[in-house]
Chemist: 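Take a look at this one; I'll ask things after.
Reminder, nothing fancy here: chain letters follow the sequence lines and each chain counts from 1. Keep in mind that this is a model prediction, so the values were computed, not measured.
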Amino acid sequence: MSGDHFLNENQIDCGSRVNDSHKHKEKYKEHKHKDHKKDKEREKSKHNNDYKDSSDKKHRDKEKEKMRHKDGSTDKHKDKHKESGKRKRLNLRMVKSKRRRKMALAALCMERDEDDVDFKPKKIKTEDDKKAKKRKLEDSKTKTKGKNKKEVADGKKKPKKEPEEKWKWWEEERYTDGVKWKFLEHKGPVFAPPYEPLPSRVKFYYDGKHMKLSPEAEEVATFFAKMLEHEYTTKDIFRKNFFKDWRKEMNAEEKSIITDLKKCDFTEMAEYFKAQSEARKAMSKEEKLKIKEENERLLQEYGFCIMDNHKERIANFRIEPPGLFRGRGDHPKMGMLKRRIRPQDIIVNCSKDSKHPVPPPGTKWKEVRHDNKVTWLVSWTENIQGSIKYIMLNPSSRIKGEKDWQKYETARRLKKCVDRIRNQYREDWKSKEMRIRQRAVALYFIDKLALRAGNEKEEGETADTVGCCSLRVEHIKLYPEKDGQEYVVEFDFLGKDSIRYYNQVPVEKRVFKNLQLFMENKESDDDLFDRLNTSVLNKHLQELMDGLTAKVFRTYNASITLQQQLKELTTADDNIPAKILSYNRANRAVAILCNHQRAPPKTFEKSMQNLQTKIDAKKDQLSDAKRELKSAKADAKVRKDEKTKKAVETKKKAVQRIEEQLMKLEVQATDREENKQIALGTSKLNYLDPRISVAWCKKWGIPIEKIYNKTQREKFAWAIDMADDDYEF
DNA sequence: GCCGCTACTTAGGAAACCCTCA
DNA sequence: TGAGGGTTTCCTAAGTAGCGGC
């Protein structure tokens, strides 16, 4: 089958952001740990078989039964009975919603009156008591078993009180027809603190002479000074854009004097900010606590909203402060001034019957809107690209969780028809129509290489990056034969965030011939797929499966790869650290597939060295312990008394313990080395159906805390609750 | 079918936090 | 107890994709 993924390590080898000198460009080293090679080979061969397993096993998930409401997009087309049922439910919900509104108001009043920090959302619908009790018992078991043991036992860490009963929104019905909420109340955004002028001792020099800047010009100058050590300030575009925008903030006199950025001396300012940051670090415990408490107060006041009777966490309640725009890669607008957002720039969204957020004294909102077909609470338009920014809810909220769940359900639906779709695009490679051939080849790449769709971008407005549909002739090279393989395509382009995608892929002959055809008589900067764009592609995909878009392939292929890799790599006899290494390797396979890269941590080499020192010390310790054991054994052979026998046992245990510790350290080293340039978080958070991980944990008795941290557990609460050990993606 | 606009997800880096170990 | 370093959280840029109007 053609559908194997090309998980090419070259992707990681060469994948650095353009112009990012801090990123290592060295080859992804073949590392020393003996089993790794084997695993990699296994990984590769696995990927070649990826698609063989994709036929639906018709596994009936228990979790499915729990789901009363599947993917909303399919529901739309279900029969009339369901429609009338829906209507009834809708009526019911309207009644409920009135009640909710009352309760929500009451909840909010209560909060204001009593400043109730430990707010407990009212449970609307609960599972039956037996089940709940069982779950609670299990939860508490895992908690004491896992790393929380320490937190509970020694009381070092504050046992943060979590509400006893978490709202299980996934057991409730969803809204239909685009309604996102019925009641929404919040306190609006937190604005950036006003500019504090520099103390007079901190001076700015132009051409070697001290110059007192107007507050407006000074503020913008501090933005530059704060970035003085950053590579950005060495880039021409950044400097040019900054200087142009800075001059706009200067008064006439300043404008006439300051004409050359090279003559500006920001060093005193930079030193001042550095000293401030040092001072912050050196603050006393009490001072730090005070700040922490103030932050907590702000969070409690502005960090939550009431949505349909539930208190939900807001993701970003602070307005972005002014500063210099940090575009990624070769962004033509980097360095431009991101202006301060004021209340009159803000559109507030809340329900009519809620207590509307109050703008700061003497100001007004741009608009107060009551649009319950959207999920945002606050929006404003930023001045760099003219795009809209939003304040939205936290990933743990119902509104985000539902959407996330739905995303994975769509990907699971793709699993059921992916063979048909693959057969179709293979047929389409032979089409008489160029546009169909192009569409089919592009889809093949999206499916096989997990490329992004590649929307068109406005030239000169952003960095020059591409996705599949926007690939240009210059981004691929064709080799009829390379390194012993036939029909090799070499991809080399900058993708999202200007991260380089480099891969050498053997493709089927027909794909290769098609690519030759698409490239005929074209210049290097011409579009490879000139008869295709994302909207055409997605329209076609929509016809193949309801809700199918290019993006779904990435989710599907990421999740199916994780599931298959976990099956492949997990060994029943392994201990927990070894199993976790397997999990991370499975996760890593996905990250490589999706080209999720990171800059190697600045301290990488050093931390590896430290770890190696620890390993060496442990090895010495082990040989000492073994020697002691040997002599104890010899002693016991001669004396044959209880005391020496006991000594042998003790020594044996010591050897075992040290061996285990050594193994742990070695596993840690392997994991870290393999992870040098790969970011696991993005795929874990956005592409991997969390139920696969939850099921894996349950199957192998791995505490979920080993896989997901607190925030991740909150985001995936729905999956943790609903997936059993036999869940199949 | 193209364009502009809007809403939302995905993304890597920086900053803050916190644990470990000397 | 404080430095060092790993982990988590925050920040916001940069994508995808749908919709309505022409």
Chemist: Could you tell me whether A:R369 sits above the aromatic face of A:W376, with NZ or CZ closer than 6.0 angstrom to the six-membered ring centre and within 45 degrees of the axis?
Modeler: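 No, cation not above the ring by the 6.0 Å, 45° rule.
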Chemist: Using a heavy-atom cut-off of under 4.0 Å over every strand shown, decide if A:K333 touches base, sugar-phosphate, or nothing.
Modeler: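 If one applies the 4.0 Å heavy-atom cut-off, A:K333 turns out to touch nothing in the nucleic acid.
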Chemist: Can you see if the side chain of A:H230 gets near the phosphate of B:dA14 - specifically, an N or O under 4.0 Å from OP1 or OP2?
Modeler: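 Looking at the OP1 and OP2 atoms of B:dA14, one of them is under 4.0 Å from a side-chain N or O of A:H230.
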Chemist: For a quick check of understanding: with a heavy-atom distance under 4.0 Å over all strands, which category does A:G454 fall into, base, sugar-phosphate or nothing?
Modeler: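 Since only primed, P, OP1 and OP2 atoms lie under 4.0 Å of A:G454, the category is sugar-phosphate.
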Chemist: Taking 4.0 Å as the cut-off, does a side-chain nitrogen or oxygen of A:H331 come that near to OP1 or OP2 on C:dA14?
Modeler: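 Looking at the OP1 and OP2 atoms of C:dA14, one of them is under 4.0 Å from a side-chain N or O of A:H331.
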Chemist: Measuring to OP1 and OP2 of B:dT6, would you say a side-chain N or O of A:S379 lies under 4.0 angstrom away?
Modeler: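 No, A:S379 has no side-chain N/O under 4.0 Å of OP1/OP2 on B:dT6.
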Chemist: Students often get this wrong, so: under 4.0 angstrom with heavy atoms, is A:P321 touching a base, only sugar-phosphate, or nothing?
Modeler: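 Since only primed, P, OP1 and OP2 atoms lie under 4.0 Å of A:P321, the category is sugar-phosphate.
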Chemist: OP1 or OP2 of C:dA17 sitting under 4.0 Å from any side-chain N/O of A:R554?
Modeler: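 Result: no.
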Chemist: Ring of A:F273, cation from A:K226 - is the NZ or CZ under 6.0 Å from the centre and inside 45° of the axis?
Modeler: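 Checked: cation-pi criterion met.
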Chemist: So, is A:N455 close to the C:dG15 phosphate, meaning a side-chain N or O under 4.0 Å from OP1 or OP2?
Modeler: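 Looking at the OP1 and OP2 atoms of C:dG15, neither is under 4.0 Å from any side-chain N or O of A:N455.
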Chemist: If only side-chain N and O atoms of A:K551 are considered, is one of them under 4.0 Å from the OP1 or OP2 phosphate oxygen of B:dT10?
Modeler: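 For B:dT10, OP1 or OP2 has a side-chain N or O of A:K551 closer than 4.0 Å.
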Chemist: Using atom types as modelled and distance alone, determine if a side-chain donor or acceptor of A:K457 lies under 3.5 Å from a backbone N or O of A:A463.
Modeler: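 Flag set: sc A:K457 to bb A:A463 pair under 3.5 Å.
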Chemist: Between A:F716 and A:Y708, is the ring centre distance below 6.0 Å?
Modeler: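 Yes, they do, as the ring centres are separated by less than 6.0 Å.
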Chemist: For the base of B:dT9, is there a side-chain donor-acceptor partner from A:K403 under 3.5 Å away?
Modeler: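 Answer no: no donor N or O sits under 3.5 Å from an acceptor.
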Chemist: Using a cut-off of 4.0 Å on non-hydrogen atoms, how would the nucleic acid contact of A:Y390 be classed: base, sugar-phosphate, or nothing?
Modeler: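 A:Y390: base contact, heavy atoms under 4.0 Å.
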Chemist: So A:R313, base contact, sugar-phosphate only, or nothing? Heavy-atom distance under 4.0 Å.
Modeler: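 Sugar-phosphate: the residue A:R313, judged by heavy atoms under 4.0 Å, touches backbone atoms but no base.
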